[in-house]
Structure formats: structure tokens, C-alpha cells
Amino acid sequence: MQDVINALADGSGMLLDPGLWILVVVGFTVGVIVGALPGVGLTLAYGLALPFTFHMGAEHAVAFLLAMSVGGQYGNSIPAIVMGLPGSPASVLTVADGYALHRQGKTGLALGVQLVAAFVGQVVSTIFFVLLVVPLAGLAYNFLAPELFALYLVGMLAIISLTGKSMVKGFIAAAFGIGVGLIGLDPVGATLRFDFGVRELRNGLDTAPILIGLLAVSELLRQARQTFSWSELSTDFDAKFPPWRDVRRLWGFIGLGTITGTIVGAIPGAGTTPATLISYQQAQMLSRSPEKFGRGSTQGIAANEAAQNASNAGELIPTLGFGIPASGSTALLLAALSIQGFVAGPQLVRNQPELVAAAVAGMFAGSILIALTGWWQCKLLLRAIGINRAAVLVISLALVILGVYALSFRVFDVIVCLVFGVIGYFMLRYGFAPAAAALAAILSYDFERTLRQGLNLMDNDIVAFVTRPLTAVILLFAVGIAIYGFGSQHRMRRLDAKAAAILAAAAEEEARAVATYTGSRRAAAGPAASHAVEDPANPGAPAPPGRSADAEAGDDDRRSPEARP
Amino acid sequence: MDRRVDFALSIAVVALGVFIGVASLVAKQPTVVFDPIGPYGFARVIAVAFIVFGTILIARQVRAARAGLPPEAVARGSEDEEGHPASARRALAMMLATFAYPILMGPLGYVITTIGYVVGGLLILNERSWKWIVPLAVTYALATFFIFATLLRVPLPLGPLNDLFVGLGLVDRVR
């Protein structure tokens, strides 16, 4: 407990250093800008900033990089809400709900919820980080392959809530994601699988191009189907901070997102995107109005944003505590530390507590900047709605290509990203849930590895595998999630079907009423008028025929003759 | 969405399942297997999943076709914005341009292909004002080259402009 108090006190004390604040402000601002640009990402921003950290002290370097990370996680949701463009794969679900709210003229509500959730998620998770990093470093020897498999299974089960309107198609998408993870070397025996003689496939496919392709490029290509201006859709939007009573009722979901983001972010190989997807799924399960998710749910935004920002601190737990980087950006953080002469791990936490304090200072300072400047930055980016939409789409695609190339300097990675972008486009159009595929692709390798290594560890005894105490507890939790998740999805589909039936009945009733009205007017006008069907609102023009719900829904494509998906 | 394309995608799912299943069965199995799942256990499960779920989708679509429903159906995925015509050809043109961009980057260099891609992309999206299209493309290409190649040392190819950039001192080696 003394370690915890010291870390918090030392971290807060560092905030009195004006030099640190200069670095934090620069880092945070760069992070917000980079976060708002689709395809660029925090890893690239860290790569840009890393050479500058060589000239700083270790504490300043850590605080600077973490403030950048806080800014990036905050910034990537702003264009998601006002333009429908995810700044990173982690904000793709914010697009679904945030952009829907923006279209409903409730931009201020969406941005306000996002700001509060980001701030609270960041601050609370920083405290969790301090509370957990020392004890978890000690637990490293208790979490073996069976326990990790159980955690990955919990992650996989989040797919249930990401399946969209068709659960069968959602499972196909998830199977596709798992299949992608099977390419390359087998994680246990190093058997080469599904490389088809292509040298670049021998080490498997990198997850970053796959995620960016499935979640960002697909959406950009989908948006390229239409040409219009954002300001046409945003004439009456409200950009005022929402009343506190609207935000207060979301504390439960913000708390849920914070805890999920911290825990899932701490799992090596998981990170921010799975944290947000799982948090969203849990929020939908617990919500009294799950049918609103994906259509403008502030609960969905709250859970998603809190998890996204909390995962910053979560990722630091294995990074500083075990020396295992949880993501690309934390790998660069470790690189920065090693250049300064530090080796991360349990010894670092005990012998160099000032680095833990610097991490706390960086995250707290970033959180303060969210509170002080976050709303102003939202308003600034709102002006971006006036920017030419076509230019933003093309530049975003070009930046994505450049960003992916800059990761490993391989054109192959860019091609992979674009291939998955095209696959994701068709998934989006035909309801195959690219988010489910993305989550499965991230977790696939470690899911297989931990299952098979765990069985090895237990001498292939499945009973011994599942009855390990920690494993059993997590597996029971996973079973609970699965049952509740299926039940919740089933209830939502029944509600959707009822709503569709009510709408169809109302449309039929309206069509019958119009037919009756026009029939009676024809009879009153006499036989000469029998072939002229009038629209009562527009005398002289023929009335439109009655339509079925299916035909109406296909109208967008039928309006443009060349539009065939 | 077009039911016929949806039907074709369902058949593709089943075909993918068959392909993965066959590939995992004919692949050379390792002589030593450390666990009961083995290197191809997951692949076989995925193959079965594709075949089963794909068959369910095909059965539903055949039932819909027998019920005489029209080819256009309610969209099951992300929908287009209402009131603005959507063009699949535009999306396809954008995909082709986006694939051509990295492929041509090697021989033509980053700057030329980027200018071409930005201009081409804007033309595909119905922009016609050359007053800002060309300056935007040139500014973006040069600014990103400066940031990524000069500052971040990302090795971006220059193609025919290599000698010019070396002569100007913007790059210090052949790319």
C-alpha cells in the first residue's frame, strides 16, 4: 500500500515541474492530431517522437510519450462522431453511435459523453494501474497458458454482440478472422501452414494492416459510394455541452468501460481495439435499451470511450510490470526506456519507482488537458465539417496507405491492408460484421497458442485444464457471458422483428387508405377520370403507387441505374 | 442489397470451407504432434463452420427466392445516406485506383503516384475544380514526403525524380 501511495504522490508531485508540462502539452497536441487522422495511428506518432526522447531524461520521456498516447486515444473519436470516419480501429463503434447522434442533431451530446468518458476512464484507470502493477507483476507466475486461454475465450465471446443483424453471418465473419490467424507458423510446433509458397506469408499476416483494412479502409471505400457535403447533413446540429443529468446517468457504463479497458488492455496481444469491442458488448448486454446500440446510444459511446482511454493504463501493466509490450506503441515505449538504460519488469517497478511516477504524471497531465482543452478541440474539429468531404476521403485513404507502408516499409503490407479493405467493404454491405472478424483476427493466434500449450502443460488432460482454480472461475464467467449474450441477442431480434411487423402493417394500412381515398375521388369525378390518378397534395400529378418495405429499402440503388453492389 | 450477390457470397463461403478443409487434410502432417489438436485442428473446425453456416445462408436464400421476393432486399449491413444516389461503380473505381497506387509507387516514385492518386480519386468522387485539386495533390505529396522521408527516414521511392531530389539535397541516397 505504501508503494501505491508513494507512486501517486510522486506522480502528482511531478506535475509541479513546468518543463514536464511543456512536453506534455506538445505530446498531447501531437497525439490528438495524429489520433484524428485515419490510418496514421499512435505507433507512427511514437516512431516520429522517439528520436526526440533521446535528448530528454527518462521520466520526461515517459511522461511525454504517455501524454501523446492519451491525446491519441481522445482525438481519434472526434472525427468518428462528426464525420463518421474512425481515426483508428478502436473508434469504429463510436462511429456507429456517435455519428448517428450527430445526424440526429445531438452532436453536443455525443461529444460531451465522449469527453467525460475519456477523462474519467483515463483518470480512474491510472489509479488502477498504480494499484495493480506491483501485485500483478508478482502474479505473473500464476497466469499460465490455461488462465490466459480462458481470458482469450472471454474476448472471443464478445463476438456474440458484434454479429449485427444476422448472427449466422457474424459467426462466418468471426470464423474468417480466426482463419486469417492460422496463416504462417503454427504457434506450438512451428509447422508452416497455408503459405501457398508465398514467402511473405511464412511469418503470418501482421494484425495492424488487417485491422486497418477491415475497419478503416472498408468504411472509407463504402463512403466513396456517395458524393455529398457533410454540412448538408449537419444543418441543425447542436454543439453545446450536454446537461449534467444526461451524462450522470451514464456513470455505470463509464465505470464498466474503465474496468474492461484496464483489464483487457493489460492482456498481452489484446490491447485497445478488443477492449473497446468487449466493453461495448458488455454494455449492450447490461443495457435496458440494447436495441439502441448502433443507432445513437450514449451508453455505447460511454462504454467504448472509457475503455479506449482506460486501455492506455491497462497496456502499461504488462509493459512496465512484466517487460511484455501490450501493443506496438508500448513496444516503442520499451525501446525508449532501453535506450535510456532501463530494463522493464518487476525489478524496474521496485527499484526505479520514479518511472512509474512519471507514467502516472504523464497520464494525469493528459487527463487534465482533456478536461481543460478537450471541448475546445471538439469545437475546432467541428469546423472541419465545412471541409470538402471528397478531399478528406481521398487524403485519408492516401494517409492510410502511407501509414501502413511506414510500419514495416513493405508494399506487401499495404496490399494486405487494401485486400482486407475490399473484403471489409463487402462485409459491411452484406451484413458480415467486420468488427467480429477483426476481433477474432487479433485474438486468433494467442487463442490457439494458449489452448494447445495449456493442454501440453496438463499432459493433454482436459479435465485438469479446466479445473485449475483461476481457469475455472474465468471459464464460468465466460459461460455466463455466452448464455446472457445469446439471450440478449435473441430478445433484440424479436424486438426488431416486432418493430418491422408494426411498420409493415402501418405502411399497408396507409396504402389501403390512399387507395380507398383515390378510388372514392375517382368515383365522384366520373368515368372520364378513371385512368387519371391524382395526388391530392399535388393536383394534376399522378399519385405514387403503394410500395412494400423491401422495394423501398432497395430504392437507393435503383435510383442510380449503375448502382449494383 | 442484391440477393443474387448475397447468394454468390454464400456459395463462396461454402467453397472457402471446402478449400480450407481439403488443404488441411492433404497438407503434410508433422511427424511429431505435441497436443491432440495439432497444427490443423483449428483449420478443420473453421472449414466445418464455413460449410455449415454457408449452407444455412444458401437454404434461407433459396426459400426467399421460392417465395417470389424481388432481387433487391432490405440491406442487412451498413446503409447508404438517404437522399444521395449511391454508386457501386464509384466504389469499384476507388478500389482500383487505391490498388494501383502502391503498385505504381515503385516504378514511378512516391511523389508522382501520390499526385496522380489524389487527383484521380477526386475526379472519381465528382470533383472538377482544377483550381484546388492540383495544388492540394502537389502540397499533400510534397508535405508527406518531407515529413515521412526526410524527418522519419521512411524509405519512399522517388522513381524518375530521384536525381532531382538528390540534387536539391532533399534526400541523400539512391532510393
Side-chain angles (χ1 to χ4, degrees), chain A residues 47-48 165-166 168 171-172 175 178-179 182 186 188-189 191 193-194 221-222 224-228 233 390-391 393-395 397-398 401-402 405-406 409 411 414-415 418 422 425-432 448 451-452 455-456 460 549-551 553-554 556-560 562-565, chain B residues 1-2 5-6 9 13 20 23 27 30 33-37 39-40 42-43 46 49-50 53-54 56-57 69-70 72-78 80-82 84-91 94-95 98-99 101-102 105-106 114 117-118 121-122 125-127 136 140 144 148 151-152 154-155:
Chain A
L48 171 68
K165 292 173 186 165
S166 167
V168 171
F171 286 141
I172 290 173
I178 294 174
L182 301 179
D186 149 36
V188 175
T191 306
R193 303 180 297 191
F194 304 114
L221 290 173
R222 191 193 70 78
R225 287 168 55 86
Q226 295 175 292
T227 54
F228 56 85
L233 305 178
L393 285 179
V394 173
I395 297 293
L397 276 167
I401 290 168
L402 183 55
Y405 177 78
F409 312 151
V411 175
V414 178
I415 301 296
L418 297 180
V422 171
Y425 168 86
F426 284 100
M427 284 177 134
L428 278 175
R429 291 287 302 154
Y430 287 90
F432 280 90
E448 184 191 5
L451 174 62
R452 295 175 60 196
L455 284 171
N456 251 334
N460 297 333
D550 262 11
D556 274 352
D557 281 356
R558 278 208 282 254
R559 235 176 270 157
S560 173
E562 73 270 20
R564 277 276 185 262
Chain B
M1 95 179 159
D2 193 324
V5 178
D6 201 25
L9 286 174
V13 168
I20 293 173
V33 178
F34 299 96
D35 57 282
I37 295 173
Y40 293 102
F42 267 63
I46 297 299
F50 275 143
F53 290 132
I56 292 172
L57 287 181
L69 291 172
E72 281 80 26
V74 175
R76 306 292 290 176
S78 293
D80 297 314
E81 299 289 349
E82 282 178 18
H84 301 276
S87 166
R89 272 194 211 164
R90 193 178 298 128
M94 206 66 212
M95 286 177 205
T98 311
F99 269 102
Y101 176 27
M105 205 186 289
T114 301
Y117 176 71
V118 173
L122 289 169
L125 294 179
N126 286 347
E127 294 298 331
L136 174 69
Y140 170 80
T144 48
F148 282 79
L151 285 182
L152 285 177
V154 174

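Chain identifiers are assigned alphabetically (A, B, ...) following the order of the sequence lines, protein sequences preceding nucleic acid strands; residue numbering begins at 1 within each chain. Heavy atoms only: backbone and side chains are in, while hydrogens, waters and symmetry mates are out.
- With a 4.5 angstrom heavy-atom cutoff, A43(B) touches chain A via backbone and side-chain atoms both.
- By the 4.5 Å heavy-atom criterion applied to side chains, V394(A) and M94(B) are counted as neighbours.
- Of the residues considered (G121(B), P39(B), A49(B)), P39(B) shows the highest number of contacts with chain A, using heavy-atom pairs under 4.5 Å.
- Between chain A and the residues Y117(B), Y40(B), F42(B), F50(B), the most heavy-atom pairs under 4.5 angstrom are made by F42(B).
- Residue Y405(A) comes nearest to P155(B) through the heavy atom pair OH-O, 2.9 Å, listed as atom of the first residue, atom of the second, then distance.
- Between chain B and the options A398(A), A391(A), G189(A), G179(A), heavy-atom pairs under 4.5 Å are most frequent for A398(A).
- The candidate with the highest count of non-hydrogen atom pairs below 4.5 Å against chain A, out of L136(B), I56(B), T98(B), D35(B), is D35(B).
- Results of the side chain to side chain contact (heavy atoms under 4.5 Å, CB included) test with I395(A) over L122(B), V118(B), T144(B) single out V118(B) as the only residue that passes.
- Of all the listed residues (N460(A), L455(A), V422(A)), the one sharing the greatest number of non-hydrogen pairs under 4.5 Å with chain B is N460(A).
- Contact count versus chain A (heavy atoms, under 4.5 Å) is highest, among A91(B), A23(B), G54(B), G106(B), for A91(B).
- Taking each heavy atom of V411(A) and P102(B) in turn, the nearest pair found is CG1-O, 4.0 Å.
- Annotation for F432(A) and D6(B): closest pair CE1-OD1, 4.5 Å, computed over non-hydrogen atoms.
- With values rounded to the nearest 0.5 angstrom, M105(B) atom CE is found 7.0 Å from L402(A) atom CG.
- When all heavy atoms of V154(B) and A406(A) are compared, the pair lying nearest together is CG2-CB, 4.0 Å.
- For chain A, the nearby part of Y140(B) is the side chain; its heavy atoms alone come within less than 4.5 Å.
- Between atom CG of residue L397(A) and atom OH of residue Y101(B) there is a gap of 10.5 Å, rounded to the nearest 0.5 Å.
- Heavy atoms closer than 4.5 Å to chain A are found in both the backbone and the side chain of F53(B).
- Only the side chain of I401(A) comes within contact range of chain B, with heavy atoms under 4.5 Å apart.
- Counting heavy-atom pairs under 4.5 Å between each of L57(B), V13(B), I20(B) and chain A puts L57(B) at the top.
- R90(B) and R225(A) get closest at one heavy-atom pair: NH1-O, 2.6 Å.
- Heavy atoms closer than 4.5 Å to chain B are found in the side chain of L182(A), but not in its backbone.
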